[in-house]
Amino acid sequence: MRWFLNGLVCLLVLAVGLVSAATAGTLEDKVTEFKLDNGMKFIVIERHEAPVAFCAVGFKVGAIYERPGITGISHLLEHMLFKGTETLGTKDYEAEKKFLDREDELAEQIRELMLEIEPWRLEYFDEYVNELTSSFSEEDRETMGSDRALELELLVEQMEEVGPADDMRSLYGLLEEGETDYFDLYLTLKRTEMGLYDTQAEHRELIISNELWETYVNNGSQMLNAGTSNDGTFYFAYLPANRLELFMLMESDRMANPVFREFYTERDVVMEEMRMSLNDPEDVLYYSFLSTAYTASMYGVPVLGWASDVTMITRTDLQEYFDRNYAPNNAVGFFAGDLDPDEVRRFAKKYFGAIPRGEDLPALTTREPKQQGERRVVVKQDAKPAMMIGYHIPASPHPDTYALSALQSILSGGRTSRFYKGIYEKQGLTREAPDAWTGPGDRLDPLFTISADPKDPHTLPEVEAAILSELERVKTEPVSMRELERVWNQDEASLVRALGSNIGLAFRVGMYEAMRGDWRALLTDMERMKQVTPEDIMRVAEKYLTEENRTVAWLIETESEGGDEGEEGPDFRAIMMWVQTLPEEEQRELMGKFMTLDDAGKKVFAWELSSRMKAEQEKS
C-alpha cells in the first residue's frame, strides 16, 4: 500500500548498531514492558522532550506465513484494515451485511467460472476484450467514465453482437470442448462481474469513506501509515500525547471488529499496483533475482504476491487469514514519547484486554535447501543495465551474522568503504557505489546481496568481475582494525541518531521485540558486534561467499520501440503513492479510467498523471 515502507520496515529490522554502556543503561531505564492476559505485549519508552508520541501496533505476520494460492494476502490485508470497522466507515452496518454477503456470493461465482474456463482460455478471451474496448468510440468512453459496470454492459452487448474473432475459431478447444461452450461461459463471467460492480455501487451509499483515516488526521495525527514486509506488518501514527486513548480505541477496534468493505474494489487497486510494479525494471530484476535464488523458502515470493493468486482471493479468504493469524498474542504494541507507562497499561487493559487470545503462529519449518551450484538469470528491460549478486547466509542470531554484517559495512558503508573507493571512485565502473545488504527479511535464512549499476561504457561483466575480486580479497587478506573501528563508529553514530527521536526509538526497540521476541536482543547484538575480528570476517567470507552458493541476476538494456533510445518511462511507483493522497472518490475515478485503457493508452495516461503530480508538488 505504501511502497517505501516495505523497505523501511525490513531495514529497521535488520539494522544492527553499537552503543556505549551508558547509552544502553539509559535505554533500559526508559523502557517499560508488560503483557496482557491475552498474550499481547506492550513496550513503552518514556521521552518527555515534547507533548507527542509515536504509537504502533506490529503483527508478527508477514508474507512468509502465506501459501501458494493466497500469496499477496498479507499486503492486501494491510489495505483492507484502513476500511473501517462495525462502527467506523459505515452509516448502517446491519444494512451493509446483505451487500457484503451478495458481493461474496458473486465473487465465488466469478472464481468458479474462471477456474472452469481455465487460465489459458482466459488469456485469449481477455486479449480479445482488450481489442474490443480499445475500439470503443469517444462517445462511449465519455458515457462510461469510470463506471466499470457500464463498461462491462457495453462490452457484453458488443461480444454478443459480433461473437468470437475469426482467428479464435480455428484454435482447437478454445471456444468449445465436448458440450461446453467456453465463449458463452466467458459472457456469463462478464455478466457476473457486472453484477458485482452494480452491487458495490449500491453498497457504497452506506459507506463513509476514509472515516478511520480522517478521525486520526482530525485529531492531529501525522505519519499515519502502515507497512507490510516478508516478516511482519506494522500500523502506526504520530499523535499528540493526549490522544493516546484514541489510538488505543481505534487500533483495538481494528483488531477486534474489522469490516473488509470495498474488498473487490480495493483488490482491483492492488492488481493495478502489481501491474505498475512489473513496469518498474528494478522491481522486475529483484523479483527475478529472488525467485531464482530461492526454491523452497517463501522469501522467493514477492510481498505483493503473484497476480494469478491475488486475482482469485476473496473476502472470505481474507477473513479466514485474519482470524487465524492477527490475534493479540501475535501482536506487539510499542510507544515512544511523552507518555506515562501506567496510563498506557490502563488503556491497554481497557481496550485490548477483552480481545480473546487466538492461535499462536505456526512454526516456520520449511528451509531453503543448500544450493549446489551457481544460478543465473537475465532480465531484458527498456532500462539501464543493473545487476544483483546474492549468497545464502543464516538468519540472526546465528553467530556468523555479526561478522557478515561487519563485512557489509566494510564493503559499502560510506565513502571510505572498499566498493566506494575502489569500484566507484578509482575504477569508475558504476553510476553509484555498489551496495551490500541483507534481505529480503531476517526470520528465514536471507541473502547477502550486492547490487550495482554499470556506468557507460562499462559493462555488467566488468562490474561483476570487480565485485568478485573484492570478495576474494577479503578471503585472503585480513581487514584492518581501522576498518573495523570505522564500522563500529558508524553503527554507533547511526544508533545514537535513532535513539534521539521517538520514531527511531520505537522502531528499533519495538521491531526487535516483534521479530526477535525480546527487545534486549538489540543490546546483545551490539555487544557481539564488538567481538568480531578480522579472522572472523575472513572465515565467513570463505564459508558463504562461494561460487556454488551464488545467484547472479542481470538486467540487460533493450531499445524501446517507437521512442527515443534514452527516454525513461514514467515513475509508476511515485505516481501510485501520489494518487493515494487524493480523495478516495478521485482515486476510484482515476483507477477506473486507467483500467479501461490499452497498454499504449495507460502509458499516455501515466505521463499525464506524472505531469500533474510534479506540478502539484512544485506548488507545495
Side-chain angles (χ1 to χ4, degrees), residues 5 9 12-13 27-28 30-47 52-62 77-78 81-82 85 212 215-216 219 221-229 231-258 322 325-358 360-361 501-522:
L5 287 164
V9 168
L12 287 167
V13 171
L27 180 58
E28 288 188 291
K30 289 182 177 181
V31 174
T32 300
E33 55 186 316
F34 60 89
K35 183 183 286 189
L36 301 181
D37 291 341
N38 59 17
M40 186 168 178
K41 187 77 176 284
F42 286 82
I43 304 288
V44 185
I45 309 164
E46 293 182 73
R47 193 169 179 274
V52 292
F54 182 81
C55 309
V57 173
F59 291 96
K60 304 172 187 179
V61 188
L77 180 60
E78 177 208 315
L81 280 174
F82 282 90
T85 66
L212 184 147
T215 300
Y216 267 124
N219 281 273
S221 174
Q222 300 176 22
M223 291 189 63
L224 174 62
N225 223 314
T228 303
S229 71
D231 293 349
T233 309
F234 302 87
Y235 298 84
F236 50 87
Y238 203 70
L239 288 160
N242 62 7
R243 292 296 185 267
L244 171 65
E245 186 171 11
L246 173 70
F247 180 85
M248 294 294 203
L249 169 64
M250 300 277 279
E251 295 310 307
S252 61
D253 197 23
R254 274 212 270 195
M255 185 183 289
N257 308 299
F322 177 85
N325 297 313
Y326 290 74
N329 46 299
N330 299 326
V332 175
F334 47 101
F335 305 80
D338 188 21
L339 299 171
D340 178 352
D342 291 335
E343 187 176 50
V344 176
R345 188 192 305 265
R346 179 164 60 86
F347 288 145
K349 288 182 177 179
K350 178 180 178 179
Y351 292 105
F352 286 94
I355 303 174
R357 182 185 181 94
D360 290 332
L361 292 172
S501 70
N502 292 333
I503 299 170
L505 268 172
F507 264 118
R508 286 290 177 101
V509 174
M511 295 239 184
Y512 260 85
E513 180 66 39
M515 299 295 100
R516 294 279 292 277
D518 186 352
W519 70 268
R520 293 173 185 81
L522 172 65

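Minimum interatomic distance between T233 and T228 (heavy atoms only, all atoms of both residues): CG2-OG1, 3.7 Å. C55 approaches L239 most closely through the heavy-atom pair SG-CD1, 4.4 Å. Between F234 and G58, the shortest heavy-atom distance links the atoms CD2-CA, 3.4 Å. Contact detail for L522 and Y512: the closest heavy-atom pair is N-CD2, 3.4 Å.
For the side-chain contact (heavy atoms from CB on, under 4.5 Å) test with E33, the passing option among I45, V44, I43 is I43; the others fail.
The aromatic rings of F507 and F236 lie perpendicular to each other, with more than 60° between the two planes, well past the 30° mark.
Within the 4.5 Å cutoff, no side-chain heavy atoms of Y351 are placed close to those of E251. In this structure, the side chains of Y235 and E78 come closer than 4.5 Å at one or more pairs of heavy atoms. At least one side-chain heavy atom of V344 sits less than 4.5 Å from a side-chain heavy atom of M248. Two residues are said to be in side-chain contact when any heavy atoms from C-beta on lie closer than 4.5 Å; R520 and V31 fail this criterion. Taking the side chain as every heavy atom from C-beta outward, S221 and R243 never approach each other to under 4.5 Å. When side chains are defined from C-beta on, F42 does not count as touching R345, because their heavy atoms never get closer than 4.5 Å. Between P328 and F352 the shortest side-chain heavy-atom distance does not fall below 4.5 Å. Looking at F82 and R254, their side chains come closer than 4.5 Å, going by heavy atoms from C-beta outward.
M250 contributes atom CE, which lies 4.5 Å from atom OG1 of T215 (distance to the nearest 0.5 angstrom). For the atom pair CE (M223) and CZ (F54), the distance works out to 5.5 Å, reported to the nearest 0.5 Å. A distance of 11.5 Å separates CD of E245 from CG of N219, quoted to the nearest 0.5 Å. Atom OH of Y216 is separated from atom CD of Q222 by 14.5 Å, given to the nearest 0.5 angstrom. Note that the OH atom of Y326 and the CG atom of L77 stand 4.5 Å from one another [nearest 0.5 Å]. From E513, atom CD reaches atom CH2 of W519 across 9.0 Å, with rounding to the nearest 0.5 Å.
Residues that satisfy the salt bridge (Lys or Arg N to Asp or Glu O under 4.0 Å) test with K60, not counting sequence neighbours, are absent from this structure. Residues forming a salt bridge (Lys or Arg N to Asp or Glu O under 4.0 Å) with K35 (at least two apart in sequence, or on another chain): none.
Without hydrogens or angle criteria, N329 side chain to G358 main chain gives a donor-acceptor distance under 3.5 Å.
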Show the atom names and distances, to 0.1 Å, of all donor-acceptor pairs under 3.5 Å that link a side chain in residues 330-341 to residues at least two apart or in another chain.
residue: N330; atom: ND2; partner: N325; partner atom: O; Å: 2.9
residue: N330; atom: ND2; partner: E359; partner atom: O; Å: 3.0
residue: D338; atom: OD1; partner: H48; partner atom: ND1; Å: 2.6
residue: D340; atom: OD1; partner: D342; partner atom: N; Å: 3.0

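Ring to ring, F347 and F247 are not that close: their centroids are 6.0 angstrom or more apart.
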